[in-house]
Protein chains: 2
Amino acid sequence: MVRNARGQVSEARSRLLTTATRLFYAEGLHAVGIDRIVAEAKVTRATLYRHFPSKDELVVAYLQAVAQADREGVDTALAAGLPAADTLRAIASSIAEGIRSARFRGCAFLNAVAEYPDAAHPVHQAVLAHRAWFLRTVTDLLADVGDAPPELAGRHFVLLRDGAMSSGCLADPAEVCDTFLQGVEGILRFRLDSVSA
Amino acid sequence: MVRNARGQVSEARSRLLTTATRLFYAEGLHAVGIDRIVAEAKVTRATLYRHFPSKDELVVAYLQAVAQADREGVDTALAAGLPAADTLRAIASSIAEGIRSARFRGCAFLNAVAEYPDAAHPVHQAVLAHRAWFLRTVTDLLADVGDAPPELAGRHFVLLRDGAMSSGCLADPAEVCDTFLQGVEGILRFRLDSVSA
DNA sequence: GAAATGAGGTAGAACGTTCTGTCTTGACAG
DNA sequence: CTGTCAAGACAGAACGTTCTACCTCATTTC
């Protein structure tokens, strides 16, 4: 959270980012223009450009805000100190909950990449960074589930996650979640059943 | 393939659609403007609007062209007359091949939905139609693999497909393909191993 | 065979709107 | 005084769509 010289969070900036986050996620990055964000956040263009030098940087800030929320969610699950398998179940459950929520519109990161396919673009880079964190986190947890190497399982988990996130608003969310959670359970069971006693 | 009154394929229209397909897929729907398509297809705007009444319709035509290619690929696999499990493996293999190809840029349909999230929009509708076909096709094949009901397996297959297609250019394609194909193999094996002898 | 017709295309301009980013002036709070 | 914000205008570019005048070619009609 950016603070000004006096340690306060700028109210206007906060409102801008919240509004942009909502609109970008609901309607798309290119589909929402600066005018719209400014009007709905009730700030001026000067204020917007004071805080975000360009639209691209606002988009990156949006993705970083979503990433931060994701990381906090996972940190909460980790802090519960459950066994790794249960932590993974909690993470998966949280993903499923998001899919079933009323405002679900897919994965902000996958959606962003669809609109910014150039790998060198800062938006695309922000997505890659967040995904690297997620894969690593999941893989580390899976290392504590069974004793096989965790890399394939980690990728498998992420594959299921990506599939569920990308299709959750293109099919019945309940079915997508069910399929996803069963897939995760299959991964966990497979690893636990393969444990060398 | 649209033909004119004399049964000939309009060269300009064909060039337009091919160019639009390439650009839209590589760079995004909103990111590529009419000017760009016209310039690269070497036709005029009047020609473009003669054949496609609006940009939206050009986008829909692009998606339908991709859908047609997908369907032909699956029809080819079906026509080989292999057992259902092998047909599914062939379909999965073909998907993996696409992911590993140089021009891979994700799933045209998932990408399109990211840019057109309004479910009532014709673009979004074209995506839903194609996906319904794919789910049905895969589910029908899975009905011939083992004797359990095929719906969950069908959704699982599609989930893996979606995950692989959406992440294939965000990670190492070879690893994504490997994970995907192993996931598919897991589905098939699970169904065959569950067969009541 | 010549003329007419229809389909499809070109060149290029114009239209109205929207886009992103910049700037000036003034007000307010601490 | 400093920092932040508002109001509003501006610039220039880009966007998607429409239009005019003319051309070529193949087919049809007389």
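The sequence lines fix the lettering, A, B, ..., with proteins before strands; numbering per chain opens at 1. This one's a predicted model, so the numbers in the text were calculated from it and none came from an experiment.
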B/Val43 side chain, from C-beta outward: closest of C/dT10, C/dG21, C/dG9: C/dT10

So, is A/Ser10 close to the D/dT4 phosphate, meaning a side-chain N or O under 4.0 Å from OP1 or OP2? no

So which nucleotide from D/dT20, D/dT17, D/dA6 ends up closest to the side chain of B/Ala46? D/dT20

Decide side chain to side chain donor-acceptor pair (under 3.5 Å) for B/Gln68 and B/Gln64; before the verdict, give the C-alpha distance in whole Å, the side-chain angles of both, and the deciding distance to 0.1 Å. CA-CA 6 Å; B/Gln68 178 72 7; B/Gln64 284 169 350; over 6 Å; no

Checking side-chain contact (heavy atoms from CB on, under 4.5 Å) against A/Phe134, which of A/Asp70, A/Thr139, A/Val158 comes through? A/Val158

Using a 4.0 Å heavy-atom cut-off across all strands, classify B/Ile34 as base, sugar-phosphate, or nothing. base

Could you check how far CZ of A/Phe52 sits from P of D/dT4, rounded to whole Å? 14 Å

Mind calculating the distance between CZ (A/Arg13) and P (D/dG3) to the nearest angstrom? 18 Å

Gap between atoms CZ and C1', on A/Arg36 and C/dG21 respectively (whole Å): 20 Å

Between B/Glu27 and B/Arg105, is the salt bridge (charged side-chain N to carboxylate O under 4.0 Å, His left out) condition met? List the steps. CA-CA 9 Å; B/Glu27 302 183 26; B/Arg105 227 272 289 165; over 6 Å; no

Residues, nucleotides or ligands: over 12 heavy atoms within 6.0 Å of A/Phe104 CZ: yes

Separation of A/Leu29 atom CG from C/dC19 atom C1', in whole Å? 15 Å

Check whether any side-chain nitrogen or oxygen of A/Thr47 sits under 4.0 Å from OP1 or OP2 of D/dC5, and answer yes or no. no

If I take atom NZ in residue B/Lys55 and atom P in nucleotide D/dT17, what distance separates them, rounded to the nearest angstrom? 8 Å

Please state whether the phosphate of D/dT4, meaning OP1 or OP2, lies under 4.0 angstrom from any side-chain nitrogen or oxygen of A/His51. no

Between B/Leu23 (CG) and D/dC15 (P), how many Å, whole number? 13 Å

If the cut-off is 4.0 Å, is B/Tyr49 near the phosphate of D/dT18, judged by side-chain N/O to OP1 or OP2? no

Rounded to whole Å, CG of A/Asp35 lies from P of D/dA7 at a distance of 14 Å

Looking at D/dT17, does its base get a donor-acceptor pair with the side chain of B/Arg45 below 3.5 Å? yes

Under 4.0 Å, counting only non-hydrogen atoms across every strand here, what does A/His30 touch: a base, just sugar-phosphate, or nothing? nothing

Can you check the A/Arg50 CZ to C/dC23 P distance for me, whole Å? 14 Å

Using the six-membered ring wherever Trp is involved, compare the ring planes of B/Tyr116 and B/His121 and label them parallel, tilted or perpendicular (cut-offs 30° and 60°). tilted

